[in-house]
Amino acid sequence: MLNKKKGLLFLIVSLLFAFVLVGCADDTGGNADDSNDSNVDTTDEVESEDNDTSSGDINVGIVLPTRDEPRWVQDEQRFKDALADSEYTTEILFSQGSSANELQNVETLISRGIDVLIISPHDGDAAGAAAQAAANEGVTVIAYDRLITNTDAVDYYVTFDSFAVGAAQGNYLIEHANGTNIPLYLYAGAASDNNAFLFFEGAWSVLQPKIADGTFVVANSSEAEALADKPELTRDEMGRILGQVTTNWDPNEAINKAQTHLTAAGDDLKGEVLILAPNDGTSRSIADTFATDSDITSYVITGQDAEKASIQYIIDGKQSMTVFKDVRQLVKDAMGMAITLLDGATPDTTGSYDNGSKEVPAMQSEVIVVDQANVQSVLIDSGYYEASEFTGLD
Ligand code: BGC
């Protein structure tokens, strides 16, 4: 109470003083505005424009890969929610699927005085240059969700358990398959994203024994067929499979690939099929494409991210499952780490990831499988989404 009164008094005295100063400046022909244009910015700031030109110091810069996928727009919103009452200034910029934009974004944020950079790279290797630019200026770099690879310039990594994402997808297919010789269509993310390898590695760890024993028949990758007896694949081997079945995280490329595969597939690879789709955006496209093939009688298809559109697909029976990665937790971990660093302390970590150049200390969160059976309890009852955002929920 006392402090508030003192503060009010101080404010009134300051305003009077400023008023007198402005009066003096006007009298002498000086420019009062210049002297008032202080660079001390104590307000919360969450910008999301690509070309922000406002001035003032920013504590934490956040760079996300693209606004074109709902997954990352979701992250932006969760950052904004988490920062609403923060005393720290932050700015969020999107790289729009371009490593050149990404580097420019990081340079902009460096020029605005950031101490910590939270960055989810468009391309893990290429982002090494942006991380190095930040490190050169003493900025601490936190890789967010996607690892920055083959550089020493990344200090921390905040992530979900991506291997577990792929394993959950693979296990879901196994648990919902009947019989033997079931056609299995494999799809993967972009090879420039380290996560695409982790997801595939996790899925392969559970699918491979079923491929090897003939329960499943790979329908669309000769490379995967050739490696059917190998429980663990090298990065190079996975790269060869990804080369055949990548979607590049692009729903349109997923449609094109699915069409090509369905056109090439004989009757023995149609009927009841299984589809490993790496995320929700590509899952919806692939599901729509398979649904239009009259020789496909039913399909089980995976996803990831719990995007709203996919939750509706799951309710409608058009997508089988998704892997829910609670972005609120990831944002909390990343900002918690940033604030610890700003306070001059060392953040807690739970393990580490080898980025090809060093072991990056990491903080990892768990993931949850969602399908029709638990969509209400996991996503609605928990407050993640509103029931009114969907139709057909009972
Ligand atoms: C993320 C996924 C996302 C994908 C495409 C991955 O690195 O972990 O959540 O769906 O990129 O943007």
Side-chain angles (χ1 to χ4, degrees), residues 159-191 193-247 249 254 258 261 269 272-280 282-283 286-287 290 298-306 310 314 319-325 351 353-354 364-374 378:
T159 183
F160 292 103
D161 184 345
S162 295
F163 182 93
V165 171
Q169 293 171 332
N171 276 326
Y172 195 91
L173 296 178
I174 293 168
E175 284 156 18
H176 292 82
N178 293 311
T180 54
N181 291 321
I182 310 163
L184 168 65
Y185 290 79
L186 300 172
Y187 294 94
D193 176 2
N194 188 56
N195 285 348
F197 289 87
L198 297 175
F199 301 144
F200 193 83
E201 193 182 2
W204 186 261
S205 72
V206 296
L207 292 173
Q208 182 273 333
K210 298 288 177 191
I211 300 168
D213 73 9
T215 310
F216 299 162
V217 178
V218 176
N220 63 337
S221 167
S222 54
E223 294 285 358
E225 271 178 83
L227 293 162
D229 290 328
K230 282 203 76 184
E232 278 176 31
L233 303 178
T234 63
R235 196 169 172 104
D236 200 49
E237 288 165 340
M238 281 191 280
R240 297 213 296 269
I241 301 175
L242 259 63
Q244 293 183 319
V245 303
T246 183
T247 59
W249 295 133
H261 296 152
L269 296 176
E272 293 179 15
V273 304
L274 305 173
I275 310 167
L276 177 74
N279 74 345
D280 285 350
T282 57
S283 181
I286 296 169
F290 274 69
S298 73
Y299 60 82
V300 180
I301 188 166
T302 60
Q304 126 170 244
D305 291 334
S310 279
I314 289 173
Q319 182 177 323
S320 314
M321 63 87 85
T322 188
V323 181
F324 171 46
K325 309 197 296 188
Y353 273 76
D354 182 354
Q364 183 169 286
S365 311
E366 298 312 310
V367 299
I368 303 175
V369 169
V370 171
D371 67 2
Q372 275 184 353
N374 66 352
V378 177

Just jot down the side chain to side chain contact (heavy atoms under 4.5 Å, CB included) partners of A254, sequence neighbours excluded, or say none. T247, T282, S285, I286
Nearest heavy-atom pair of A168 and V323: which atoms, and what distance? CB-CG2, 4.3 Å
With sequence neighbours excluded, what pairs up with D280 under the salt bridge (Lys or Arg N to Asp or Glu O under 4.0 Å) test? none
For Y353, enumerate each residue passing the ring-ring contact (aromatic ring centres under 6.0 Å, His included) test, keeping only those at least two apart in sequence or located in another chain. Y157
Is it the case that the ring center of Y185 lies less than 6.0 angstrom away from the ring center of Y299? no
For a quick test of reading the model, state the closest non-hydrogen atom pair linking N374 to D371 and the distance between them. OD1-N, 2.9 Å
Any side-chain heavy atom of W249 within less than 4.5 Å of one from P278? yes
For side-chain contact (heavy atoms from CB on, under 4.5 Å), just list the numbers for I275 and F290, CA-CA rounded to whole Å, side-chain angles, deciding distance to a tenth of an Å, and then say yes or no. CA-CA 10 Å; I275 310 167; F290 274 69; 3.6 Å; yes
For E366 and D161, indicate whether the former's side chain and the latter's backbone hold a donor-acceptor pair under 3.5 Å. no
Which pairs pass side chain to side chain donor-acceptor pair (under 3.5 Å) with one or both residues in residues 216-226, sequence neighbours excluded? N220-H261, S221-Q244, S222-Q244, E223-R240
Could you tell me which residues satisfy ring-ring contact (aromatic ring centres under 6.0 Å, His included) with F216, sequence neighbours excluded, listed by chain and number? none
List, one per line, each side-chain donor-acceptor pair under 3.5 Å for residues 173-183, sequence neighbours excluded.
from, atom 1, to, atom 2, distance (Å)
H176, ND1, Y172, O, 2.8

For the residue pair L233 and I241, establish whether any side-chain heavy-atom pair is separated by less than 4.5 Å. yes
Once you round to the nearest 0.5 Å, how far does OG1 of T302 lie from CG of N279? 9.0 Å
Say whether, by atom type as modelled, one donor and one acceptor occur between the side chain of Q169 and the main chain of G303 under 3.5 angstrom. yes
Mind checking side chain to side chain donor-acceptor pair (under 3.5 Å) for K325 and listing every partner two or more places apart, or none if nothing turns up? Q304
What residues, two or more places apart in sequence or in another chain, satisfy side chain to side chain donor-acceptor pair (under 3.5 Å) together with D213? T215
For residues 196-208, run the donor-acceptor check on the side chains, cut-off 3.5 Å, and write out each pair with its distance to 0.1 Å, sequence neighbours left out.
from, atom 1, to, atom 2, distance (Å)
W204, NE1, K230, O, 2.8
S205, OG, G202, O, 2.6
Q208, NE2, A228, O, 2.8

Which distance, rounded to the nearest 0.5 Å, do you find between the OG1 of T159 and the CG of N194? 9.0 Å
If every non-hydrogen atom of T246 is compared with every non-hydrogen atom of G189, which pair is closest and at what distance? OG1-O, 2.7 Å
